[in-house]
Amino acid sequence: MMTKSFALLTVFVLAACQMEAGDQESAEAPASGDLRGDAPDTVETPPADAPEFTDYAADYTGEWAAAGDCGTPMTWEFAVDHVYTAGEMACDIAEIRNGPGQINLLTENCMAEGAAQPDYGFTLTPLGEDRMEVDFRAKTVLERCG
């Protein structure tokens, strides 16, 4: 009888340990879609008349700025491997997701004023020749510089 009691006690203790370990893992793991902070989990469908992105590297790398800001410290730089926002943040590009009518850039290693920042998502939507909307914290319309 003592052996059966000991065996049952052992089973209950092991089960409790496994449940506790599972609770810790789920509490520490980020929820799906939260891996990149504000990065979108899915690509929204743009209006039917939206221009097409063809290639991020060929069509949208370079310097961009809000109207009248080209040549100032308020320019944005989109490169194959990084993004610099208008004087505030620098991030490495971790992944480029192409979607219908837009591109999502998922970033990592973001820095602002020497301090580490969360990873962000940028959604780029073309608005016509040499113009695009960038959704990063807020929507901003940018024009190609030069």
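Closest approach of L106 and G121 over heavy atoms only: CD2-CA, 4.5 Å.
Annotation: disulfide bond (SG atoms under 2.5 Å apart) contacts involving residues 88-138, sequence neighbours excluded, comprise C91-C110. Listed by first and then second residue, the disulfide bond (SG atoms under 2.5 Å apart) pairs that reach into residues 111-146 are C70-C145, sequence neighbours excluded.
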Task: Verdict with supporting geometry, V80 and I93, side chain to side chain contact (heavy atoms under 4.5 Å, CB included) - done: CA-CA 8 Å; V80 174; I93 296 175; over 6 Å; no

- [ ] Please test N104 against T123 for side-chain hydrogen bond (donor to acceptor under 3.5 Å, both in side chains), starting from the C-alpha separation and ending with a verdict.
- [x] CA-CA 4 Å; N104 291 307; T123 300; 2.7 Å; yes

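In this pair, W76 and F122 present their aromatic rings perpendicular. The plane angle is above 60°, beyond the 30 to 60° band.
Contact annotation: the side chain of I103 approaches that of I96 to within less than 4.5 Å [non-hydrogen atoms, C-beta and beyond].
Every residue two or more places apart in sequence or in another chain that forms a side-chain contact (heavy atoms from CB on, under 4.5 Å) with D92 is listed here: H82, E108, N109. For T72, the side-chain contact (heavy atoms from CB on, under 4.5 Å) criterion is met by D69, M74, not counting sequence neighbours. E88 pairs by the side chain to side chain donor-acceptor pair (under 3.5 Å) definition with R137, not counting sequence neighbours. Residues forming a side chain to side chain donor-acceptor pair (under 3.5 Å) with R131 (at least two apart in sequence, or on another chain): none.
Atom CD of E143 sits about 9.0 Å away from atom CH2 of W64, to the nearest 0.5 Å. Rounded to the nearest 0.5 angstrom, T107 OG1 and E95 CD are separated by 11.0 Å. Atom-to-atom distance recorded for L105:CG and F78:CZ is 7.0 Å, nearest 0.5 angstrom. Considering CG of L142 and CD of E133, their distance stands at 9.5 Å, rounded to 0.5 Å. A distance of 7.5 Å separates CE in M132 from OH in Y60, rounded to the nearest 0.5 Å.
Both Y56 and F136 are members of a single hydrophobic cluster when ILVMFWY side chains are connected at heavy-atom separations under 4.5 Å.
At distances below 3.5 Å, not a single donor-acceptor pair connects side-chain atoms of R144 with backbone N or O atoms of A65.
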